[in-house]
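The structure under discussion appears below in the form of structure tokens.
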Amino acid sequence: MEKSRKVFAEILDKAMTEANTMDREELLFSYKGVLYPVTLCSPEVFRAMESLEARSDDVILAGYPKSGTNWVGQILSDLVAVWEKKAQNKASSMNDEELEEFPYLEIGDTGKYERMNKSRSRRVIFTHLRPENLPRSVFKNKAKILLLVRNPKDVATSFYHFSNVMSPLPSYETWDDFFVAFMTKKMAWGCYFEYLSEWNKYTDNENVMTITYEELKENPVLGVKNIAAFFGISLTEKELQNVVERSSFQSMKKNSSKTHGSFGNILFRKGGVSDWKNLFSEDQNKKMDKAFEECIGRTKLGTKLKYEIYCKA
Ligand code: A3P
């Protein structure tokens, strides 16, 4: 039976309560030119993060907010549970253990990284950070990173709905207001196009594998197989099916109060592709098409996103 992932729910509930007492203008702070929510991140924690000793067997998931990081995070946690079962010949714990730390690297307290340095392998680490803001040891020690990207129109759509129910983030009266903020670099964790452009520099790195939300949605069995192979985790057919089933939108949504507490209600929204068509005006489509083309369109990551398929009306 799955136990509640207490740390996750506790940290989020605390941040939401704190943010409810704050003014909109106080919610974000800037660190090295990127905005972050004050109730979740701090400059002290960013500085402490540099002491993390990354390992070559770490399982790192990098993804901009709303790219499906909780989904792929579930897949990675279950894959590591399969690996542990084999490596240590113990009964599968498939996420049964309570998480010791909040899974997102940049969220926690200043003592988190020293504790992580003592925790056993393999560690599963999620992050919304851009590559240049990760601890230096991540690349130096050749930790493997799964880079998850999603088409920018659905990211913006998902981020808009999320911002309006997630008190640590500034909310928006209208979609038009949000769109302007998204396009003018006012988002927590920074501008998505800059995020893509920075990560694009690492797409040829042998320790970085890129996967898109859309390809995983289209063929989860193949996606999970490829992810497992990248991290050197072998799977029986039954284990593969199990990981795929547990990570389906329906089963994650059903389990969400156990896995994510009250946050689960706002996280698992639609879980599909092309919801942007319900929000974008013709003018907004043109603006985003242009920005995409200018910032990332012809790059390897831009091509991987299949913009013509997923972002054209
Ligand atoms: P929508 O708002 O479009 O529904 P993140 O976890 O990075 O915050 O991303 C959240 C987005 O991923 C939400 O998108 C959410 O519904 C979607 N999502 C969560 N679990 C999913 C799953 N198992 N399959 C597909 N999409 C999922």
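Numbering of ligands and ligand atoms starts at 1, following listing order. Since this is a predicted model, take the numbers as computed values, not measurements.
Side-chain atoms of Asp78 and Gln74 include a donor-acceptor pair closer than 3.5 Å.
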- Run the side-chain contact (heavy atoms from CB on, under 4.5 Å) check on Met288 and Met183 step by step: do they pass? CA-CA 8 Å; Met288 190 169 277; Met183 297 303 282; 3.9 Å; yes
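Tyr213 OH, 2.7 Å is the protein heavy atom nearest to atom 26 (N) of ligand 1. Protein heavy atom in closest approach to atom 12 (O) of ligand 1: Gly68 CA, 3.6 Å. For atom 23 (N) of ligand 1, the closest non-hydrogen atom of the protein is Ser247 O, 2.8 Å. For atom 1 (P) of ligand 1, the closest non-hydrogen atom on the protein side is Ser158 OG, 3.4 Å. The protein heavy-atom contact nearest to atom 15 (C) of ligand 1 is Leu267 O, 3.4 Å. Looking only at heavy atoms of the protein, atom 10 (C) of ligand 1 is closest to Lys66 NZ, 3.6 Å.
Of the candidates Trp276, Phe162, Phe249, Phe249 brings a heavy atom nearest to atom 27 (C) of ligand 1. With Phe268, Phe263, Trp71 as candidates, the residue nearest to atom 22 (C) of ligand 1 on a non-hydrogen basis is Trp71. Within the set Arg150, His161, Lys270, Gln250, the minimum heavy-atom distance to atom 3 (O) of ligand 1 is found for Arg150. When Leu61, Asn70, Ile266 are ranked by how near their heavy atoms come to atom 6 (O) of ligand 1, first place goes to Asn70.
Residue Thr69 places at least one N or O, backbone or side chain, under 3.5 Å from an N or O of ligand 1. In terms of polar-atom proximity, Gly271 is counted as a contact of ligand 1, with an N or O under 3.5 Å from an N or O of the ligand.
Residue Ser248 approaches ligand 1 through these ligand atoms, each under 4.0 Å from one of its heavy atoms: 23 (N). Atom numbering of ligand 1 starts at 1 in the shown order; those under 4.0 Å from a heavy atom of Met252 are 23 (N). Close approach to Arg269 involves these atoms of ligand 1, each under 4.0 Å from a residue heavy atom: 1 (P), 2 (O), 3 (O), 4 (O), 16 (O).
At a 4.0 Å heavy-atom cut-off, ligand 1 touches Ser67 through the backbone alone.
In this structure, Phe292 and Phe193 have perpendicular ring planes: the angle between them is above 60°, well past the 30° mark. Using the six-membered ring where Trp is involved, Phe182 and Tyr64 have ring planes that are perpendicular, over 60° apart on the 30 and 60° scheme.
Heavy atoms of other residues, nucleotides or ligands lying less than 6.0 angstrom from NZ of Lys253 number more than 12. Other residues, nucleotides and ligands place no more than 12 heavy atoms under 6.0 Å from the NZ atom of Lys142.
Legend: ring pair (Phe, Tyr, Trp, His ring centres under 6.0 Å) pairs involving residues 205-250, not counting sequence neighbours, sorted by first then second residue: Trp71-Tyr213.
Under the 6.0 Å cut-off for aromatic ring centres, Phe46 and Tyr36 qualify, their centroids lying closer than that. Checked against the 6.0 Å centroid criterion, the rings of Tyr172 and Phe179 do not qualify as a close aromatic pair.
Thr299 is linked by a side-chain contact (heavy atoms from CB on, under 4.5 Å) to Asn200, Ile296, Leu301, counting only residues two or more places apart in sequence or in another chain.
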